[in-house]
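When a ligand or atom number is given, it counts from 1 through the structure's own listing order. Sequence positions, counted from 1, serve as the residue numbers for this chain.
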Amino acid sequence: MQNKLTITSVFTTYESVNDLTTIDKTLCQSAKDILKNAYAPYSNFFVGAAILLEDGTIVTGTNQENAAYPSGLCAERVAIFYASTIYPTKKVVTVAVATKSNRPNPSSKPVSPCGACRQALSEYEVKFNSPIKILMMGENGEVYESQSVANLLPLMFSSNSF
Ligand code: THU
């Protein structure tokens with residue numbers, strides 16, 4: 001017998017960061033502010049991530065590239081590993097991602113975390129047993145919001161899988 005399993009992901013979209021709550025706006029601004037520290041001489045694609053912890057602490061990260069390309073790391077993983085290193089017991093509430101490229105026409109399309117970052121973030125959603133909200137931005141314009149990492153990573157593999 002054959003059946004279909006349908007998994008639906010729903011995202012909230014905002015016309016601009018100005019439509020977000022005050023704390024989410026602050027977090028998005030933190031992600032934008034840290035962009036300048038990205039080390040992206042190879043792609044010239046600058047990514048900033050800002051993570052809100054349960055007590056209001058904000059931890060940031062940027063993409064860090066390397067001449068041996070696969071040795072670099074995305075902003076989201078730099079930020080989440082840093083957060084877990086410094087504040088291992090503080091629940092992760094929200095992750096905001098901002099980008100900037102040197103293209104003449106900045107893209108307003110929100111950038112979403114790559115597959116490896118989704119997997120890395122999912123670990124902390126499972127660890128704290130609490131959804132992590134993801135806010136995705138382009139260089140300007142719309143913001144996409146995912147209520148959880150699981151919403152971004154259907155059928156995700158986790159410690160609950162074995
Ligand atoms: N990058 C991130 O930092 N986060 C993502 O979610 C996607 C990609 C970085 C990796 C690399 O330094 C550059 O963007 C181009 O892929």
Side-chain angles (χ1 to χ4, degrees), residues 7 9-14 16-17 20 23-53 57-87 90-128 130-158:
I7 301 174
S9 289
V10 177
F11 299 87
T12 305
T13 66
Y14 300 89
S16 96
V17 282
L20 300 173
I23 182 64
D24 283 354
K25 228 184 289 185
T26 302
L27 195 66
C28 286
Q29 192 56 50
S30 299
K32 282 180 182 292
D33 288 345
I34 204 69
L35 275 175
K36 64 179 189 316
N37 293 353
Y39 178 65
Y42 304 104
S43 70
N44 283 313
F45 187 68
F46 302 85
V47 187
I51 297 184
L52 175 70
L53 303 178
T57 302
I58 292 176
V59 175
T60 53
T62 58
N63 56 328
Q64 296 294 316
E65 297 185 348
N66 192 281
Y69 291 3
S71 301
L73 202 60
C74 294
E76 296 91 323
R77 273 177 287 167
V78 169
I80 194 73
F81 294 155
Y82 181 54
S84 184
T85 299
I86 308 294
Y87 306 106
K90 289 184 187 173
K91 191 163 83 182
V92 178
V93 179
T94 309
V95 180
V97 185
T99 60
K100 189 171 170 30
S101 68
N102 287 337
R103 291 194 207 105
N105 300 317
S107 170
S108 55
K109 196 170 164 41
V111 167
S112 57
C114 77
C117 286
R118 293 176 198 206
Q119 182 65 35
L121 292 170
S122 78
E123 186 69 23
Y124 302 92
E125 191 159 278
V126 173
K127 176 185 174 186
F128 293 110
S130 180
I132 299 173
K133 182 160 82 180
I134 315 286
L135 294 167
M136 297 160 268
M137 289 172 275
E139 292 190 45
N140 48 48
E142 267 192 314
V143 180
Y144 291 174
E145 177 186 288
S146 177
Q147 281 312 319
S148 66
V149 182
N151 186 56
L152 270 182
L153 192 58
L155 298 180
M156 75 187 195
F157 181 79
S158 76

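Atom CZ of Phe45 has more than 12 heavy atoms from other residues, nucleotides or ligands within 6.0 Å.
One N or O on the side chain of Glu65 and one on the backbone of Ser43 form a donor-acceptor pair closer than 3.5 Å. Between the side chain of Gln64 and the backbone N or O of Val78 there is no donor-acceptor pair closer than 3.5 Å. At least one donor-acceptor pair closer than 3.5 Å links the side chain of Asn151 to the backbone N or O of Val10.
In terms of protein heavy-atom proximity, atom 9 (C) of ligand 1 is nearest to Asn63 ND2, 3.6 Å. The protein atom (non-hydrogen) at minimum distance from atom 16 (O) of ligand 1 is Phe45 CD2, 4.7 Å. For atom 12 (O) of ligand 1, the closest non-hydrogen atom on the protein side is Glu65 OE2, 2.5 Å. When only non-hydrogen protein atoms are considered, atom 10 (C) of ligand 1 lies nearest to Cys74 SG, 3.9 Å.
Within the 4.5 Å cutoff, no side-chain heavy atoms of Arg77 are placed close to those of Pro113. Annotation: side chain of Pro154 is in contact with side chain of Ser9 (closest heavy-atom distance under 4.5 Å).
Close approach of ligand 1 to Val47 is summarised as follows: ligand atoms under 4.0 Å from at least one heavy atom of the residue are 1 (N), 2 (C), 3 (O), 4 (N), 9 (C), 14 (O). Ligand 1 places these atoms under 4.0 Å from at least one heavy atom of Cys114: 6 (O). Near Pro113, the atoms of ligand 1 lying under 4.0 angstrom from a non-hydrogen atom of the residue are 6 (O).
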#### Entry: Verdict with supporting geometry, Thr60 and Thr62, side-chain contact (heavy atoms from CB on, under 4.5 Å)
CA-CA 7 Å; Thr60 53; Thr62 58; over 6 Å; no
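Where the criterion is an N or O separation shorter than 3.5 Å, residue side chain and backbone included, Leu73 fails it with respect to ligand 1.
Of all the listed residues (Ala75, Gly61, Ser43, Gly72), Ser43 holds the heavy atom that lies closest to atom 15 (C) of ligand 1.
Contacts between Glu76 and ligand 1 below 4.0 angstrom, taking non-hydrogen atoms only, involve the side chain exclusively.
Residues Leu53 and Ala83 come closest through the heavy atom pair CD2-CB, 4.4 Å.
Residue contacts with ligand 1 leave out Ala40, since none of its heavy atoms falls under 4.0 Å from the ligand.
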